[in-house]
Amino acid sequence: MTKDSRIGPPHFGSERETLRAFLDYHRATLAMKCDGLTDEELRQQSMAPSTLSLLGLVRHMAEVERAWFRRVFDDNEAPMVWCDRIDFQAAYDASESTGAEAFAAWEAEVENSRRIERAAKSLDLAGYQPRWGEEVSLRMVLIHVLLEYARHNGHADFLREGVDGVVGA
């Protein structure tokens, strides 16, 4: 892994600034965990029976960004990135994917999510979550996506250690 260049969240700031900064910090964490790896290394899977890989996590988080920002606030009918139906597990299969392809899709979804958040006048902006059939606030979406990254970055730690050959004591 390269040097840690992530920007940490502010120690003081508004709710919105803090949520935005924590989310960007976790996005940068996922990118950092994948930094410097070849496509083959990015596709290296966890211990069987899991098929989880770092590249699969990047693909999955592109789906999460799309499902929680684009589909809720822009286009409730927007198709998923890697599958023609709502199936977040499909993204984990990175066997035919490349890092360039996965990162391009993820970065495009992150940029769209940032655009939506910046354009919103308030964290109380309501959007329609089609899977739930109800409205949700931008605040709830930011927190939910932040928690998704935090959870998956824990997986990324172990996956990166496996690629780097780190063995526990």
Side-chain angles (χ1 to χ4, degrees), residues 6-7 9-10 13-34 39 42-43 45-46 50-157 159:
R6 296 172 297 169
I7 297 170
S14 71
E15 177 186 20
R16 190 169 190 162
E17 291 169 328
T18 303
L19 287 171
R20 179 188 293 152
F22 264 106
L23 183 53
D24 278 341
Y25 180 82
H26 277 283
R27 287 168 173 152
T29 299
L30 180 59
M32 184 181 76
K33 295 294 178 184
C34 297
D39 284 356
L42 287 168
R43 283 191 294 265
Q45 295 180 351
S46 181
S50 174
T51 60
L52 191 60
S53 68
L54 285 166
L55 197 53
L57 283 178
V58 171
R59 288 168 46 105
H60 175 73
M61 293 313 297
E63 295 287 25
V64 168
E65 294 269 0
R66 178 172 284 212
W68 283 100
F69 286 96
R70 186 182 304 265
R71 286 179 53 89
V72 168
F73 297 106
D74 269 352
D75 177 4
N76 297 145
E77 301 300 321
M80 299 301 282
V81 181
W82 309 109
C83 187
D84 59 357
R85 64 190 188 291
I86 304 295
D87 180 3
F88 288 94
Q89 301 304 312
Y92 287 134
D93 180 8
S95 59
E96 302 296 320
S97 188
T98 66
E101 170 192 46
F103 275 94
W106 176 63
E107 289 164 0
E109 291 304 324
V110 166
E111 209 38 56
N112 188 62
S113 299
R114 286 181 177 139
R115 177 192 59 78
I116 290 167
E117 185 273 323
R118 285 189 304 261
K121 293 185 185 339
S122 163
L123 291 177
D124 293 324
L125 173 70
Y128 180 75
Q129 174 40 277
R131 289 176 47 222
W132 294 355
E134 61 185 65
E135 288 192 338
V136 296
S137 71
L138 176 58
R139 176 183 293 102
M140 183 270 166
V141 168
L142 286 168
I143 292 170
H144 179 83
V145 174
L146 172 61
L147 292 173
E148 282 281 325
Y149 273 101
R151 181 168 65 99
H152 290 303
N153 281 336
H155 299 158
D157 285 337
L159 289 163

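- In terms of modelled atom types and a separation under 3.5 Å, the side chain of R43 and the main chain of S53 share no donor-acceptor contact.
- What you find for F73 and L138 is that their closest heavy atoms are CZ-CA, 3.7 Å.
- Residues E117 and V145 form no side-chain contact, since every pair of their non-hydrogen atoms from C-beta on lies 4.5 Å or further apart.
- Of the possible donor and acceptor atoms, none in the side chain of R59 sits under 3.5 Å from a partner among the backbone N and O of A102.
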Would W82 and W106 satisfy ring-ring contact (aromatic ring centres under 6.0 Å, His included), going step by step from the backbone distance to the final call? CA-CA 11 Å; W82 309 109; W106 176 63; over 10 Å; no
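- Contact of the W68 side chain with the M140 side chain is registered, since non-hydrogen atoms from C-beta on lie closer than 4.5 Å.
- Here the closest heavy-atom approach between residue L125 and residue A120 is recorded as CD2-CB, 3.7 Å.
- Relative orientation of the H152 and H60 rings is perpendicular, given thresholds of 30° and 60° on the angle between their planes.
- Heavy-atom minimum distance, E96 versus E101: O-OE1, 4.3 Å.
- When side chains are defined from C-beta on, Y149 counts as touching M61, because their heavy atoms get closer than 4.5 Å.
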Take L142 and R20 through the side-chain contact (heavy atoms from CB on, under 4.5 Å) test and state the conclusion after the steps. CA-CA 8 Å; L142 286 168; R20 179 188 293 152; over 6 Å; no
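- Using a 4.0 Å cut-off between a side-chain N of Lys or Arg and a carboxylate O of Asp or Glu, R139 and D124 qualify as a salt bridge.
- Rounding to the nearest 0.5 Å places CG of N153 at 11.0 Å from CD of E148.
- Put simply, the side chain of E65 does not reach to within 4.5 Å of the side chain of N112, judged on heavy atoms.
- The two residues A28 and R6 make their nearest non-hydrogen contact at CB-CG, 3.6 Å.
- Looking at heavy atoms from C-beta onward, I143 lies in side-chain contact with L19 at the 4.5 angstrom threshold.
- G133 approaches Y128 most closely through the heavy-atom pair CA-OH, 3.2 Å.
- Within the 4.5 Å cutoff, the side chain of V58 has no heavy atoms near those of the L42 side chain.
- Residues A126 and E135 come closest through the heavy atom pair CB-OE1, 3.7 Å.
- Between R114 and E111, at least one side-chain nitrogen of the basic residue sits less than 4.0 Å from a carboxylate oxygen of the acidic one, meeting the salt-bridge criterion.
- In this structure, CZ on R70 lies 11.5 Å from CE on M80, to the nearest 0.5 angstrom.
- For the atom pair CZ (R27) and OG1 (T29), the distance works out to 11.5 Å, reported to the nearest 0.5 Å.
- Distance check, rounded to the nearest 0.5 Å: CZ of F103 to CG of L55 gives 7.0 Å.
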Trace of the side-chain contact (heavy atoms from CB on, under 4.5 Å) decision for I116 with D74: CA-CA 8 Å; I116 290 167; D74 269 352; 3.5 Å; yes
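- In this structure, CG in L23 is found 12.5 Å from OG1 in T18, a value given to the nearest 0.5 Å.
- One N or O on the side chain of E63 and one on the backbone of V81 form a donor-acceptor pair closer than 3.5 Å.
- Put simply, the side chain of E77 does not reach to within 4.5 Å of the side chain of P130, judged on heavy atoms.
- Of the inter-residue distances, the one linking Q45 atom CD with L54 atom CG reads 11.5 Å to the nearest 0.5 angstrom.
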